[in-house]
There are 2 protein chains.
Amino acid sequence: MKPCDTHDTGTCQRISEMLSRIGDKWTLLVVRALGRGPRRFSALRRELGSISQKMLTRTLRNLERDGLVIRTVTPTTPPQVEYALTTMGEDLFGPIAALADWTITHADCIDAARAAYDGREASIQRAA
Amino acid sequence: MKPCDTHDTGTCQRISEMLSRIGDKWTLLVVRALGRGPRRFSALRRELGSISQKMLTRTLRNLERDGLVIRTVTPTTPPQVEYALTTMGEDLFGPIAALADWTITHADCIDAARAAYDGREASIQRAA
DNA sequence: CCGCATCCTCCCCGATACTG
DNA sequence: CAGTATCGGGGAGGATGCGG
């Protein structure tokens, strides 16, 4: 493939911005959870385990702002708020799956590279 | 497509880790530059413009540790250090291109969603 | 030329407490 | 149940200076 089809620097920054969003601590997990179907706030919280309310709220807000998630409020008491992926949000699974496949197929190779690198580091320490 | 083929949570974290790496401030730009061919440290520095030495060094070290980039030192005076993508590093362009395409094709949609969201925010401010 | 060490700043994120 | 407000630690990242 052409190695430089990531286009101009401006577009590259845009892509980087998206990668930062998806690559932050919780977004991918939230998107994955919502990929299995709409969820209420607390359901997401339980499903993700260790996330704080603040970060779940922030993550969902960001996703909502980018049009990847839609937020539906039912003003009852107690209130019900449901989150669901938009079509655009579901489209994200395609590219993510590509990255996921790459990661999985190269995981061993990466681990080996890290072990080799860290081993070299350690031997440098010993030499000193 | 199946929306939940991002596998188990452990694998998901692994993918997230990779996304964080690629999604950090400089990695994608560095990889893209190296995709056009091997580069020396200073050449990368000039090409990327505003990156500090510290961050360029750190970024390259991380890539090297993960086996995506190889570092070749020629011990002359002054020393020459050349960086190049490994095969695994070049393989990354496939998945990245998928994400890049998604980002480009959805850029307008994201901008519209953000404008709508921010517009709503502003009107809430006025209402208060 | 390459890269490490130091200092400083800002923001991410968690913990906690409080509203409707 | 859903969300906001506040505080605090820690890491990312820039600027500068030194060393090989």
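Numbered from 1 within each chain, the chains take letters A, B, ... in sequence-line order.
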Is it the case that over 12 heavy atoms from other parts of the model lie below 6.0 angstrom from the CD1 atom of A:Ile70? no
Of the candidates D:dG3, D:dG14, C:dG3, the side chain of A:Gln53 sits closest to D:dG3
Shortest side-chain distance from B:Tyr83, nucleotide among D:dT4, C:dG3, C:dC13: C:dG3
Between B:Ser50 and B:Arg58, who's closer to the 5' end of DNA chain D by nearest nucleotide? B:Arg58
4.5 Å side-chain heavy-atom contact, A:Leu85 and A:Leu63: no
Base, sugar-phosphate, or nothing for B:Arg45, non-hydrogen atoms under 4.0 angstrom? nothing
Rounding to a whole Å, what distance do you find between B:Asp24:CG and D:dG11:C1'? 13 Å
State which of D:dA2, D:dG13, C:dG3 makes the closest approach to the side chain of A:Val81. D:dA2
Among D:dG14, C:dG3, C:dA17, the one nearest any side-chain atom of B:Trp26 is D:dG14
Please give, in whole Å, the distance from D:dG3 P to A:Arg40 CZ? 10 Å
Spacing of B:Met55 atom CE relative to C:dT9 atom P, expressed in whole Å: 19 Å
Nearest to the side chain of A:Lys54, heavy atoms from C-beta on, is which of D:dT6, D:dG3, C:dC2? D:dT6
